Amino acid sequence: MSEPKKLFIKTYGCQMNVYDSERMAEALGGQGYVETQSAEEADMILLNTCHIREKAAEKVYSELGRFKGLKAAKPDLKIGVAGCVAQAEGEEIMRRQPLVDLVVGPQSYHRLPELEAKARAGEKALDTDFPEEDKFEKLKGRPKAKRGPTAFLTVQEGCDKFCAFCVVPYTRGAEVSRPVDRILTEARDLVERGVREITLLGQNVNAYHGAGPNGDMSLAGLIWELDKIDGLERIRFTTSHPNDMTDDLIEAHANCAKLMPYLHLPVQAGSDRILKRMNRSHTADSYLRLVERIRAARPDILMSGDFIVGFPEETEADFQATLDLVEQVRYGYAYSFKYSTRPGTPAAERPQVDPVEADDRLQRLQAVITRHQREIQDSMVGREVSVLFEKPGRLAGQMVGKSEYLHAVHVQAPGLAAGQIARVRIVASRANSLAGEPV
Ligand code: 5AD
Ligand code: SF4
């Protein structure tokens with residue numbers, strides 16, 4: 001038998017790309033590829049790219065430039081670009097970087113085996129269509145290999161919201177939900193292979209409305225179906241939009257024991273004037289009232305969010321409104337970004353904020369967020385949490401896992417194994433993790 005070919009995938013950006021990369025590796029497994037962690041020994045290099053901010057897209061071109069030497073040394077090496085930069089820039093990538101043999105957009109991964117064959121035959125292969133088929137269904141099934149205790153599972157893709165700053169509706173296309181039965185089959189398979197916690201993924205995951213046995217099912221309906229799977233202990237979902245935070249989903253947070261008390265609910269800004277220009281179709285006040293309702297249903301829920309500072313025409317007073325909102329919500333985690341102009345989006349046409357001013361706002365916002373994050377993490381000391389252990393820690397006999405609230409927890413307990421869930425008392429709060437003792 002011939003040596004298997006080696007595949008090196010580098011993943012940028014969001015968790016959905018992490019999931020897609022796993023699926024692409026499986027699809028190319030059917031073509032005789034095994035994964036490698038080294039670009040030097042690869043026969044095929046795939047960059048799974050992100051287009052959300054300018055810096056993310058530019059990284060791709062500088063990374064591609066670095067493969068020049070590898071390709072000179074190994075003319076058979078094939079180089080591919082997948083993900084949102086592939087979708088947004090298409091043929092332009094091959095023009096700008098002739099090293100690239102293959103370009104595949106996020107909705108065409110099921111065509112990867114054909115594209116690979118074409119590239120192997122010495123042709124340039126490109127596919128950035130939005131076909132009707134379910135790419136995940138067409139991709140070869142996951143091999144029955146053992147898995148770690150946590151997994152991502154994409155249930156919804158694309159976005160119809162058209163926030164004025166965002167490329168996602170253009171790169172991932174319109175909102176599409178996968179049917180319930182396919183998701184449940186995949187979830188059961190993951191559980192059989194050792195998975196204990198599944199994070200449901202979607203750009204607008206709470207807009208999920210997949211075909212079920214009795215018509216369309218909501219995300220809450222899907223969560224209750226997953227709740228019935230024995231051996232699946234924890235359910236999470238991300239990313240949600242405030243406008244799709246329906247009553248049944250809030251109710252699931254109150255009553256579904258497997259649904260973890262953590263919610264990533266981006267608001268982006270705290271000024272109504274800016275929210276309107278962002279085309280968010282909610283106000284700061286409606287968001288705060290929503291958070292109140294969620295906390296009434298699940299008082300210990302840990303909130304997480306995304307923020308953009310320096311959006312076109314943002315004034316100091318607008319920015320202060322963002323700081324006010326952050327003070328009111330107190331996020332356990334939050335991700336903040338300086339606005340990045342994305343070609344083709346409506347906000348790109350608006351008067352831009354001075355970048356030095358935007359940098360300054362970003363630093364001030366991050367200082368407040370970090371303070372809250374710290375206070376919330378420190379407030380866990382003395383509390384009992386449940387930890388799903390994922391891997392051994394650096395010290396002998398130590399295990400590391402995540403609490404319900406997604407805090408990393410280190411525990412010294414030689415008897416524990418990955419995949420186990422244990423009650424733990426938190427005894428210390430360190431830089432980026434908690435220390436605990438088994439109860
Ligand atoms: N500039 C800066 N941040 C952006 N995001 C999306 N588009 C942009 C942009 N053009 C941020 C949003 C979103 C997160 C995934 O990325 O906060 O929630
Ligand atoms: Fe982008 Fe807005 Fe859709 Fe989120 S909701 S993917 S920020 S357009």
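Model, not experiment: these values are computed from the prediction. In listed order, ligands and their atoms are each counted from 1.
Relative to the ring axis of Phe337, Arg53 places its NZ or CZ within 45° and under 6.0 Å from the centre.
When hydrogens are left out, the protein atom nearest atom 6 (C) of ligand 1 is Ile52 CG1, 3.4 Å; that is the closest non-hydrogen contact. With hydrogens left out, the protein atom closest to atom 1 (Fe) of ligand 2 is Cys166 SG, 2.3 Å, a heavy atom. Looking only at protein heavy atoms, the nearest one to atom 7 (N) of ligand 1 is Phe165 CD1, 3.3 Å. Looking only at heavy atoms of the protein, atom 16 (O) of ligand 1 is closest to Arg53 NH1, 2.9 Å. For atom 2 (C) of ligand 1, the nearest protein heavy atom (residue, atom name, distance) is Lys338 O, 3.4 Å. In terms of protein heavy-atom proximity, atom 1 (N) of ligand 1 is closest to Ser340 N, 2.9 Å. From the protein, the heavy atom lying nearest to atom 15 (C) of ligand 1 is Asp306 OD2, 3.8 Å.
Ion pair Arg95/Glu92 flagged as a salt bridge, since at least one NZ, NE, NH1 or NH2 atom sits closer than 4.0 Å to an Asp/Glu carboxylate oxygen. With respect to the salt-bridge test (charged N to carboxylate O, under 4.0 angstrom), the residues Lys161 and Asp244 qualify. Ion pairing between Lys71 and Asp101 holds under the 4.0 Å rule for side-chain N and carboxylate O. Taking a cutoff of 4.0 Å between a charged side-chain nitrogen and a carboxylate oxygen, Glu197 and Arg236 qualify as a salt bridge. Salt bridge annotation for Arg364-Asp360: present, with a cationic side-chain nitrogen under 4.0 angstrom from a carboxylate oxygen.
Ligand 2 places these atoms under 4.0 Å from at least one heavy atom of Phe162: 8 (S). The distance from ligand 2 to the heavy atoms of Phe165 drops below 4.0 Å at these ligand atoms: 7 (S). Each of the following atoms of ligand 2 lies closer than 4.0 Å to a heavy atom of Asn204: 3 (Fe), 5 (S). Close contacts between ligand 1 and Tyr339 involve ligand atoms 1 (N), 2 (C) [criterion: under 4.0 Å to a heavy atom]. Counting atoms of ligand 2 from 1 in the listed order, those under 4.0 Å from a heavy atom of Val168 are 6 (S). Atoms of ligand 2 lying under 4.0 Å from at least one heavy atom of His241, given by number and element, are 5 (S). Applying the 4.0 Å criterion to heavy atoms of Pro169 picks out, from ligand 2, the atoms 8 (S). When each atom of ligand 2 is checked for a heavy atom of Cys163 under 4.0 Å away, the hits are 2 (Fe), 5 (S), 7 (S), 8 (S).
Not a single N or O atom of Cys166, backbone or side chain, sits closer than 3.5 Å to an N or O atom of ligand 1. Residue-to-ligand polar distances place Gln268 within reach of ligand 1: an N/O pair is separated by less than 3.5 Å.
Under 4.0 Å from ligand 1, the heavy atoms of Ile308 that appear belong solely to its side chain. Here Phe337 has side-chain heavy atoms under 4.0 Å from ligand 1, and that is the only part of it that gets that close.
A side-chain contact (heavy atoms from CB on, under 4.5 Å) with Leu200 is found for one member of Thr238, Thr154, Val155 and no other, namely Val155.
Annotation: Tyr170 is in aromatic contact with Phe162 [ring centroid separation under 6.0 Å].
Under 2.8 Å from atom 3 (Fe) of ligand 2 lies an N/O/S atom of Cys159, whether from backbone or side chain.
Relative orientation of the His253 and Phe237 rings is tilted, given thresholds of 30° and 60° on the angle between their planes. Taking the six-membered ring for Trp and thresholds of 30 and 60 degrees, Tyr333 and Tyr262 have ring planes inclined between 30 and 60 degrees apart.
Side-chain atoms of Thr315 and Arg273, non-hydrogen and from C-beta on, do get closer than 4.5 Å to each other.
Note: Asn206 CG to Tyr208 OH = 13.0 Å, rounded to the nearest 0.5 Å.
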